[in-house]
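Here the structure comes first, spelled out in structure tokens, and everything after it is commentary.
Worth knowing before you read on, the calculation uses all heavy atoms, side chains too, and leaves out hydrogens, waters and symmetry mates. Here the structure is a predicted model, which is why all the values come from computation and not from measurement.
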Amino acid sequence: MIDRRAVLTGAIAATVATPSLSATGDPIVGTSAGRFRGMREGPVRAFRGIRYGTSERFQAPVAAPYANAIADAVAFGPSAPQRGDAYRPQSEDCLFLNVWTPDVRRGAALPVMVYFHGGAYSTGSVVDPLNDGRHLAANGVVVVTVNHRLNALGYLFLGRLDGRFPDSGNVGQLDLVLALRWIRANIAAFGGDPDRVTVFGQSGGGAKIATLMAMPAAAGLFHRAATMSGQQVTASGPLNATARARAFLGGLKATPEELLTMPFERLIEGLEATDPVLGGNLYFGPVLDMKWLVRHPFWPDAAPQSNAIPMILGNTRDETRGFYRPEHPTIAGLNWDNLAERLGPELRVDISPEWVVKEYRRKFPSHSPEQIFFAATTAGRSWRGQLEEAEARARADAPTWAYQLDYSSPIEPWRGAPHTMDIPLVFGTIDAPGSISGTGAASRAVSGAMMKAFVDFAGSGKAGWPQYRLPERATMLFDVPPRVENDPRREQREIFARVPYVQPGT
């Protein structure tokens, strides 16, 4: 039997030093995890690549041992192994976090904002320039970004196939729990308040947060939450997760034992196996293993352990315009004759696509086939999960605020306000590579409003607009100018409220 407290916390021992400066003027911070030398970056101090844990394949992580020597925290640690070359280097030894702070004095007691990246549990990294924390930190908060294990290395559920791996389906989540424990123990040394920790994340990062809100191991480790186009209404069932594990093993022609010594590059190749539930490539995500996750995050209700936690739930108006380019075969040549046929598989809910098209044409007679396609897929599959979470929390009278990003990209106007658009606006990285938010006056105004909202929320636990309650459904629409509207997109909400929602992949 694995002792959860011992596994997650490990041994912590050290003499905590007061902040000091190196001969070059760089800050040195002493913590219960060791001493770290960072860098001066304008008004903030940055500490990159701080190890928070170590891990063995498919096992729960353990806390990093205390190091006597001063560690240089001036470069990002490696990203988790994944498909593609966007984030290099990659290594299974990827449990590193990064800190930006405007004040390294103990006692500064600044709000702490902890970011979990997106990528649907399978890809992504906080080394992305869009996730740079310096601009947020300059607004008077301590910003932390976290890398952790992904895809099969973080969520392959082997528990029903080999008793040696009871934690395997959720070790990516346990990495995040360990990082939050590290933050609670050490963030005061960086000027942060361990009693005012806000977790925020976009897409898969928001889904990870929704899952943590239902994990007993994460209880008490954060005090506010904000999700951006990311939700986890239901987790993967153990039978579906086991079917995926069998497909993964079958594709590699390997046993669980053989996976332990296989190069991680080969494991990443195994992700190309066909998903036995969804088709396409294998889905990985948190698993209802009845050990670490004993209930679905937002079904049949919002997990009671987190209903006292203030929460912001956000999405973008045109989510699915981030997933298709005009030349994509699903979009190219779209017309009234083929709209229902192409729309059906993309809705991800069991509803008549012909009826959906008919309703949209009746309610929005000026919409083109393309406009209906993107509006319906956004409302039916992307916004719907966020809406389910907001409604569940409203029924529980949990402190909840909703936003919708309406500001359209001036760089790629045809996308409108697509998935990922809110990342640079919230981080203030609107001029970073990969941003399509633009850098003009309007973009700066929207970014300033979103940054202020998130920073104020981290400090007070309250957003600057009315709570999301039923039946009003007050929602902040971030645009120029920002405005609050009750029950935006009511007609679209009502179309898809006719059918139950099940999280895709679970």
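- Checking Thr234 against Thr506 by side-chain atom types alone, a donor-acceptor pair falls below 3.5 Å.
- Between the side chains of His117 and Thr145, no donor N or O sits under 3.5 Å from an acceptor N or O.
- In this model, a donor atom of one side chain and an acceptor atom of the other lie less than 3.5 Å apart for Arg317 and Ser408.
- Partners of Ser168 according to the side chain to side chain contact (heavy atoms under 4.5 Å, CB included) rule, which considers only residues two or more places apart in sequence or in another chain, are Phe58, Phe157, Leu158, Phe165.
- Counted by atom type alone, Gln386 and Ser229 present zero donor-acceptor pairs between their side chains at under 3.5 Å.
- With a 6.0 Å radius and a threshold of 12 heavy atoms from other residues, nucleotides or ligands, Arg325 has its CZ atom above the threshold.
- Salt bridge Arg295/Asp301: present, at least one basic N to carboxylate O contact under 4.0 Å.
- Scanning all heavy atoms of the two residues, the minimum distance from Gln305 to Leu212 falls at NE2-O, 3.8 Å.
- Between Tyr403 and Phe478, the distance from one ring center to the other falls under 6.0 angstrom.
- Judged purely by atom type and a 3.5 angstrom limit, Arg57 uses its side chain to pair as donor or acceptor with the backbone of Met262.
- Aromatic ring orientation, Trp182 versus Phe190: tilted (interplanar angle from 30° to 60°).
- Across every non-hydrogen atom of Asn131 and Ser125, the tightest pair is OD1-O, 3.3 Å.
- A donor and an acceptor atom, one from each side chain of Tyr324 and Glu370, are nowhere located under 3.5 Å apart.
- No donor-acceptor pair under 3.5 Å is formed between the side chain of Arg381 and the backbone N or O of Gly385.
- For an aromatic pair to be called close, the ring centres must be under 6.0 Å apart, and Tyr115 with Phe200 satisfies this.
- Using modelled atom types and a 3.5 Å distance limit, the side chains of Asn170 and Tyr155 yield no donor-acceptor pair.
- Distance check: Thr227 OG1 to Lys208 NZ gives 13.0 Å after rounding to the nearest 0.5 Å.
- With no hydrogens or angles considered, no side-chain donor-acceptor pair links Asp175 and Gln173 at under 3.5 Å.
- In plain terms, the two heavy atoms of Arg149 and Ala80 that are nearest each other are CA-CB, 4.3 Å.
- In this structure, Arg384 fails the cation-pi test against Phe496, since its NZ or CZ atom is not both closer than 6.0 Å to the six-membered ring centre and inside 45 degrees of the ring normal.
- The two residues Asp275 and Asn281 have their closest heavy-atom pair at CB-O, 3.6 Å.
- We find that Arg48 and Asp132 are joined by a salt bridge, their nearest charged nitrogen and carboxylate oxygen being less than 4.0 Å apart.
- Judged by distance alone, the side chain of Thr320 and the main-chain N or O of Phe323 form no donor-acceptor pair under 3.5 Å.
- At distances below 3.5 Å, at least one donor-acceptor pair connects side-chain atoms of Thr378 with backbone N or O atoms of Phe374.
- Contact check for Tyr121 versus Asn151: no side-chain heavy atoms found under the 4.5 Å cut-off.
- Annotation: Phe427 is not in aromatic contact with His135 [ring centroid separation under 6.0 Å not met].
- Using a 4.0 Å cut-off between a side-chain N of Lys or Arg and a carboxylate O of Asp or Glu, Asp289 and Lys291 do not qualify as a salt bridge.
- For Ser443, the side chain to side chain contact (heavy atoms under 4.5 Å, CB included) partners are Tyr407, Pro410, not counting sequence neighbours.
- Formation of a donor-acceptor pair under 3.5 Å by the Ser409 side chain with backbone atoms of Ile436 is found in this model.
- A pairwise comparison of heavy atoms in Arg393 and Ile309 identifies NH2-O, 2.5 Å as the closest pair.
- At distances below 3.5 Å, not a single donor-acceptor pair connects side-chain atoms of Gln404 with backbone N or O atoms of Asn315.
- The cationic atom of Arg489 (NZ for Lys, CZ for Arg) lies less than 6.0 Å from the six-membered ring centre of Trp383 and within 45° of the ring axis.
- The 12-atom threshold is not exceeded at CD of Glu56, counting heavy atoms of other residues, nucleotides or ligands nearer than 6.0 Å.
- Taking a cutoff of 4.0 Å between a charged side-chain nitrogen and a carboxylate oxygen, Arg83 and Glu272 qualify as a salt bridge.
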